[in-house]
Amino acid sequence: MSSKNNAPYRYPDERGRFGPYGGKYVPESLLPALAELELAYSAARDDVTFMAELEALSRDYAGRPTPLYHAGNLSRATGAAVYLKREDLAHTGAHKINNALGQALLARRMGKGRIIAETGAGQHGVATASVAAKLGLECVVYMGEEDMARQRLNVFRMELLGAAVKPVSSGTRTLKDATSEAIRDWVATVETTHYLIGSVVGPHPYPMLVRDFQAVIGQEARRQFQDQVGGLPDMLLACVGGGSNAIGLFTPFMDDDLRMTGVEAAGLGLETDQHAATLTAGSPGVLHGSSSYLLQTVDGQVSLPHSISAGLDYPGVGPEHSLLKDLGRVTYLSVTDAQALDAFKWLTELEGIIPALESAHALAALQGGLLNLSPGESVIVCLSGRGDKDVQAVADLRGEPKL
Amino acid sequence: MTAIADLFRQPGPKLVPFLTAGYPHKSSTVELVLAAEAGGAAMVELGMPFSDPLADGPVIQRSSQAAIANGVNLPWIFSAVRELRARTAIPIVLMGYINPILKMGPNRFLQEAAEAGVNGLIIPDLPPEEDRKFYDDAKEAGLSAIHMVTPVSAPERITYLGQQAGDLLYAVSHLGVTGTGPDGETALVRYLQKIRQATATPFMVGFGIKTTSDIARLAPHADGLVVGSALLERISAAPDPAAEAERYIRSLVAAMGAGIHE
Ligand SMILES: Cc1ncc(COP(=O)(O)O)c(C=O)c1O
């Protein structure tokens, strides 16, 4: 499992490749902007003023570090020592703020006054709209009409924050189409606009950049675990949509001797075609600017995914996860809508924490005993977001009257 | 010499209609290509429909979805081209996104495309450096690789793309997707002149060309003019799509001549 005896894990290469995955499969008009972004990022990373501003905002604006919480009741219920990395306590309610802050500061550094983003659950849209308000940047968020209906609360939050939410009615009217529409906007406005992509997907340098901004999750968790327990945990666990909260937790542990598990959305079940388990059930392809695993038909058309969780309802996945799967460095599982809903209830009742439905997928793997954890082994679970946004959807499923 | 290189060695601008393969119906494609030729088209682009066409505006998005719903896939497109080859020698370029090609297998795709009688390829989401082997293999198979240049392409980049392409370039008229623009006329003409200076490779211009006056203005500055969304819009509303296509293309070709001889 460990890469101890091999060369250290260092990706992407200078062409933006994670092994066979990644790259820049984009229209010619975007290549100069990607090159500009790459340059700006590598300069910013070495600029102590930039990094100090990001750190100060992460602390005082976003509320970092988020706690690492030893969940006693979950531990008793599972026999493992369960630690929750509390991204649900970050400003705007999910890990998405880490990336939004980093990229918005970069946009300002590049002199781009307009930001566009795609959103599924609305969490990334809310995080982006918030930092745009704070930094005085114009903000447009693309969101599928279907997602707007399931996440109305977040639509209203974005509007309160001053963002224009543009409904996307093409294709499946979900995250995939919102992403395509954001890219089309960017093709037309690339000289004045920064595309603030919300996960470790898209063309190089995005998967690298978003990973680096999310790696704060794992850096803190590693330190906190060492302080509270000593040593390293036996396992890391996170849900995978595009894969940003997972890669953020995993990255600082990549060269360590421990197990990592990513949990995808199996929707109504892998035996149906109603799921979003890209790594488990997909095959390599190209979508939204990079090569990665993809849910697709025999003709290479992108399939319609399904998940109860809007944030996981995406037919692609980050290129780095595709490589980590092939290397066997990370194990990828999937859990169904029903399992995620059970875990949503489980955490809420046992620990008094309402998780996002996305994060509930990771918890479901723990609840369902899918992880081969021996008694007493320790696991850090990325609790990527809080469930306030999902309360209405859960009430609807239970047949409750509109809240 | 390839058919496309040969065509673009001839003086004067050429009209190049874009048609989504299998739209509005599978049975329309052969008829529409023949009608385009009868109307004076010099070459035809056939769109290979993809579920997520990043570089396309609403008209081509909708026609692509309709074509996919009609059951269009790559093997079907090759069969349509084979059928056409029994009836016309007009150069045919396939335009589409890389994923369906990778799914079929790039080697099989190139071999079957060449055997069917395809002359060139435009893959908007595959810049030349992303997969050199694919484009080398395409040329090896006798297919012209047509790269795109844009208003934000630096002169050195245009020179490079011209060298890589060899036979023909596609100048995107403005920053944006198909069916929109072009914007300021003087900026556009200056951009086309910049391409001319940076490369000896012929180029056609496209994205958002709609009217006979667009055609007349641009014809003196380019080797070819591509009309896609505007054509698809017309045929989607027409009782007889082939007749409408022929009529519309004839009017554009006439405007092109007028533009040149002004
Ligand atoms: C709370 C939460 N967790 C996870 C995700 C999935 O994204 P990723 O896989 O990039 O972490 C989302 C996306 O919206 C989210 O809102």
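Letters go in sequence order (proteins before strands), and every chain restarts at 1. Please read these numbers as outputs of a predicted model, since none were measured by experiment.
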Is a salt bridge present between [X] and [Y], judged by a nitrogen-to-oxygen distance below 4.0 Å?
X        : Y        : result
A/Lys166 : A/Glu181 : no
A/Glu358 : A/Lys96  : no
B/Glu115 : B/Arg108 : no

* Between B/Phe78 and B/Phe109, is the ring centre distance below 6.0 Å? -> yes
With a 4.5 angstrom heavy-atom cut-off, which part of [X] approaches chain A: side chain, backbone, both or neither?
X        : result
B/Ile68  : side chain
B/Asp56  : backbone
B/Val152 : both
B/Arg62  : neither
B/Pro49  : backbone
B/Leu161 : side chain
B/Gln61  : side chain

* **Greatest number of heavy atom pairs closer than 4.5 Å to chain A - which of B/Met104, B/Arg157, B/His147, B/Gln65** => B/Arg157
* **Selection from B/Asp125, B/Ile101, B/Leu126 maximising heavy-atom pairs under 4.5 Å formed with chain A** => B/Asp125
* Which of residues 192-206 of chain B have a heavy atom under 4.5 Å from any heavy atom of chain A? -> none
Consider only side-chain N and O atoms of [X] and [Y], and report whether a donor and an acceptor are under 3.5 Å apart.
X        : Y        : answer
A/Tyr195 : A/Glu118 : yes
A/Thr174 : A/Asp313 : no
A/Gln103 : A/Asn99  : yes

Please state whether the side chain, the backbone, both or neither of [X] comes within less than 4.5 Å of a heavy atom of chain B.
X        : result
A/Asp177 : side chain
A/Pro32  : side chain
A/Leu30  : neither
A/Ser283 : side chain

* Return yes if some donor-acceptor pair links the side-chain N/O of B/Ser51 with the main-chain N/O of A/Val302 below 3.5 Å, else return no. => yes
* Asked: How are the rings of A/His288 and A/Tyr314 set relative to one another: parallel (under 30°), tilted (30 to 60°) or perpendicular (over 60°)?
  -> parallel
* **Qualifying residue, where the test is side-chain hydrogen bond (donor to acceptor under 3.5 Å, both in side chains) with A/Tyr332 and the options are A/Glu264, A/His321, A/Lys325** => A/His321
* Asked: Within a strict 4.5 Å, meaning less than it, do heavy atoms of the A/Asp185 and A/Arg114 side chains meet?
  -> yes
* Structure fact -> Rounded to the nearest 0.5 Å, the CG atom of A/Leu196 sits from the OG1 atom of A/Thr119 at a distance of 11.0 Å
